[in-house]
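Here's the structure, in structure tokens; my notes come after.
Proteins get letters first, then strands, A, B, ... in listed order; numbering begins at 1 in each. These values consider heavy atoms only, across backbone and side chains, with no hydrogens, waters or symmetry-generated copies.
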2 protein chains.
Amino acid sequence: MKATIYHVARRARVSTATVSRFLNGTGPVAAETRHRIEQAIQVLGYRPNTVARSLVTKATHTLALLMPDITNPFFPDLVKGVQLLADERGYTVLLCSVAGDPAREEEYLEMLSAKQVDGALLVGLVCGRETIARFARHGIPIVSLDRNIDYPPAPLVHVNHRKGARIATEHLLQLGHRLVAHVSGPIGLRVSHERLAGYREALSRAGVAYDRRLVVSGDFTEEAGYEGIEALLHTATPFTAIFAANDLAAIGATAALTDSGRRVPEDVSVVGFDDIRLAAYTSPALTTIRQPTYEMGRRATELLIDAVHGRMLGPGQQVVFEGELIVRASSMPIAAAQQAKTV
Amino acid sequence: MKATIYHVARRARVSTATVSRFLNGTGPVAAETRHRIEQAIQVLGYRPNTVARSLVTKATHTLALLMPDITNPFFPDLVKGVQLLADERGYTVLLCSVAGDPAREEEYLEMLSAKQVDGALLVGLVCGRETIARFARHGIPIVSLDRNIDYPPAPLVHVNHRKGARIATEHLLQLGHRLVAHVSGPIGLRVSHERLAGYREALSRAGVAYDRRLVVSGDFTEEAGYEGIEALLHTATPFTAIFAANDLAAIGATAALTDSGRRVPEDVSVVGFDDIRLAAYTSPALTTIRQPTYEMGRRATELLIDAVHGRMLGPGQQVVFEGELIVRASSMPIAAAQQAKTV
DNA sequence: CTGTTAGCGCGTTCAA
DNA sequence: TTGAACGCGCTAACAG
């Protein structure tokens with residue numbers, strides 16, 4: 001049977017209140033008493049029961065992390081950032097994969113308030129705003145990643161997707177490419193929209209006409225990238241470069257190109273987005289836009305813990321990270337021969 | 001202020017005991033009373049406080065998953081399996097990245113017993129057995145992945161690493177390769193040891209002498225795979241194939257080969273282990289041994305929940321999964337020209 | 001500096 | 001079929 005604070009108190013010949021004071025450093029405890037308590041704790045192998053503690057303090061030191069799918073290589077780094085910072089601050093992380101399913105998101109949100117988590121980090125949720133508003137009413141602080149939550153306003157951490165996409169596209173444009181295809185993310189997601197917008201912005205600034213036939217819609221997976229480009233190749237619409245909405249899609253696109261006998265980057269340049277861990281090791285190594293995923297996880301968690309402690313920078317606070325172009329081997333200047341010929 | 005069971009009881013003009021019976025289906029509740037309670041719950045937006053509930057039932061419906069580093073692409077699938085099964089069974093998952101640090105492992109283990117988790121899934125821990133034994137004394141059920149925990153005996157889920165490694169190596173041998181290098185995992189880890197053993201077993205069965213100069217030690221990262229092979233190339237020890245202890249190392253090795261002007265698989269065949277998500281999309285697509293990671297996560301969690309409920313198949317129970325050879329493009333028959341020449 | 005007392009929100013006897 | 005009373009393990013006044 002497990003030792004409780006009561007057992008410790010009896011063995012140290014003090015009251016439970018004194019033991020509690022000793023444990024939490026709240027209120028004074030005589031050196032001699034302190035010693036006896038330490039002994040008792042040692043002997044009994046006592047560990048405070050956090051559940052009982054939470055019941056009275058109303059704090060669980062637990063944070064929830066809701067995200068679509070840990071299996072997307074973009075997330076592990078984020079999780080790591082969250083994890084490590086939470087750990088440093090004495091918090092623990094509850095992981096919830098909601099699989100892009102609004103019903104599951106709602107269920108989980110309900111459960112979290114029952115579980116009395118101290119705060120929630122929401123990443124890539126697709127549920128309606130009233131679902132989140134209802135949850136927020138429980139008084140649990142929220143920090144959002146990549147999605148603006150206006151009511152009630154929650155701190156927001158995101159990267160400048162539009163600018164990142166623009167930079168990626170400009171990179172291709174500067175290399176002389178004019179026929180730049182785009183594999184988009186799932187339509188309806190703000191992230192996809194922004195990246196597409198950045199792509200168009202770059203084209204427009206460079207005076208290149210936007211051709212919607214060059215945009216294939218994906219869903220951030222390799223499969224979709226592969227199939228999208230495969231389909232595009234079948235339409236015989238010429239292009240010399242691809243900006244994919246994320247690295248996975250870029251990798252799928254590259255595979256489609258290779259399988260059809262094209263060489264990357266000699267025939268087609270490819271640029272991705274995210275800079276996942278393996279981007280540097282694909283063949284050819286992938287040119288991409290780096291998101292400081294790990295850092296974003298840390299920062300978001302920091303904001304969340306601040307919010308838990310009632311420290312907020314002010315309403316509508318947000319942290320914006322900038323994407324950084326990482327040039328590797330998958331992009332190169334357009335070849336003279338290419339300029340004329342159809343791919 | 002949040003509604004408690006007391007508020008529900010008052011509004012429904014019954015006692016808290018009746019509400020509790022209604023909520024948990026323990027004991028009878030008259031249809032008419034039931035109706036009033038439902039109404040009250042609805043109106044007040046009541047959700048039972050799981051913390052209070054846990055304090056009396058001693059069950060938190062929370063499982064802990066301890067693993068080295070979520071950032072290794074091997075883990076996300078595992079986590080997903082754990083997550084989904086836990087979810088189906090009404091459990092929630094606490095994620096702990098212990099970073100291969102025994103001290104952190106011990107800390108976390110301590111915390112888990114304080115947090116009163118119902119069970120713990122231990123993956124790839126490196127701490128001493130007495131650390132685990134001490135934890136087990138708290139009476140929290142454990143399931144182990146890839147590491148045999150003998151005292152007290154815990155259910156074990158693992159793949160047959162040795163056999164998988166043997167099959168991988170045999171595949172290369174059957175293709176005619178005789179000079180097969182190996183990039184190992186961290187020394188001291190059982191998994192690394194087993195995979196090395198499988199490699200040696202295959203060589204020995206084929207009557208090929210084991211050459212320790214062909215074994216470079218890594219740590220399951222791309223970096224180590226890259227550097228290991230780079231170093232091996234510098235020694236000018238000839239080889240025509242590589243069996244890497246995991247896909248990450250295989251990918252790193254491939255990059256080292258490519259960067260030094262070798263072609264894969266024409267000059268050197270490469271085989272990995274794990275079949276991570278991107279293995280099918282590397283260039284060339286990676287031949288590897290598939291571990292049913294997702295399924296293992298599910299199965300392990302199932303065993304854990306069974307253990308939580310006191311249902312065990314018996315002492316020393318274990319579930320062994322078999323690795324499956326997935327032949328892709330990174331391995332090919334040794335070329336006639338190669339047989340003589342030094343790589 | 002320390003002990004007594006009263007909850008935190010809930011499940012669970014035991015009578016009624 | 002229901003309610004009163006107690007306790008889970010702990011913290012937080014309030015006295016002393």
Mind checking V29(B) for me? I need base, sugar-phosphate or nothing, with any heavy atom below 4.0 Å counting as a touch.
sugar-phosphate
For a quick check of understanding: with a heavy-atom distance under 4.0 Å over all strands, which category does R13(A) fall into, base, sugar-phosphate or nothing?
sugar-phosphate
To the side chain of V14(B), which of dG3(D), dC8(C), dG3(C) is closest?
dG3(D)
Whole angstroms only, please: what is the CZ-P distance between R47(A) and dG9(D)?
17 Å
Could you tell me the separation between the CE atom of M296(B) and the CG atom of D77(B), rounded to the nearest 0.5 Å?
11.5 Å
Nearest-nucleotide pick for V56(A), side chain only, options being dA13(D), dC10(D), dT1(D)
dC10(D)
To the side chain of T33(B), which of dT2(D), dT11(D), dC10(C) is closest?
dT2(D)
Roughly, in whole Å, what's the span from NE2 in H7(A) to P in dG9(D)?
8 Å
For T62(A) and K115(B), test the side chains for any donor-to-acceptor distance below 3.5 angstrom and give the result as yes or no.
yes
Among the candidates dC8(D), dC10(C), dC1(C), find the nucleotide nearest to the side-chain atoms of A52(B).
dC10(C)
Just how far, in rounded Å, is C1' of dG9(D) from CG of L23(A)?
12 Å
With a 4.0 Å cut-off on N to O distance, would you call R104(A) and E107(A) a salt bridge?
no
Would you check if there is a donor-acceptor pair between the side chains of S97(B) and D69(B) at a distance under 3.5 Å?
no
What's the CZ-C1' distance between R10(A) and dG9(D), to the nearest Å?
15 Å
Indicate whether any N or O donor in one side chain lies under 3.5 Å from an N or O acceptor in the other, for T301(B) and R298(B).
no
Is S20(B) close enough to dG11(C) that one of its side-chain N or O atoms is under 4.0 Å from OP1 or OP2 there?
yes
Quickly work out the N24(A) CG to dA13(D) P distance and round it to whole Å.
13 Å
Looking at the side chain of A30(A), which of dC10(C), dT13(C), dT2(C) is the nearest nucleotide?
dT2(C)
In whole angstrom, give the distance that lies between atom CD1 of I37(B) and atom P of dT2(D).
8 Å
OP1, OP2 of dG11(C) versus side-chain N and O of K58(B): anything below 4.0 Å?
no
Specify the residue among T18(B) and L55(B) whose closest nucleotide of DNA chain C lies further upstream toward the 5′ end.
L55(B)
How do A31(B) and N49(A) order along DNA chain D: which one's closest nucleotide is nearer the 5' end?
A31(B)
Just the rounded figure in Å: distance from C1' of dC10(D) to OH of Y46(A).
7 Å
Spacing of Y6(B) atom OH relative to dC8(C) atom P, expressed in whole Å
10 Å
Closest approach to the side chain of R21(B), judged atom by atom: which nucleotide of dC10(C), dT13(C), dG3(C) is it?
dT13(C)
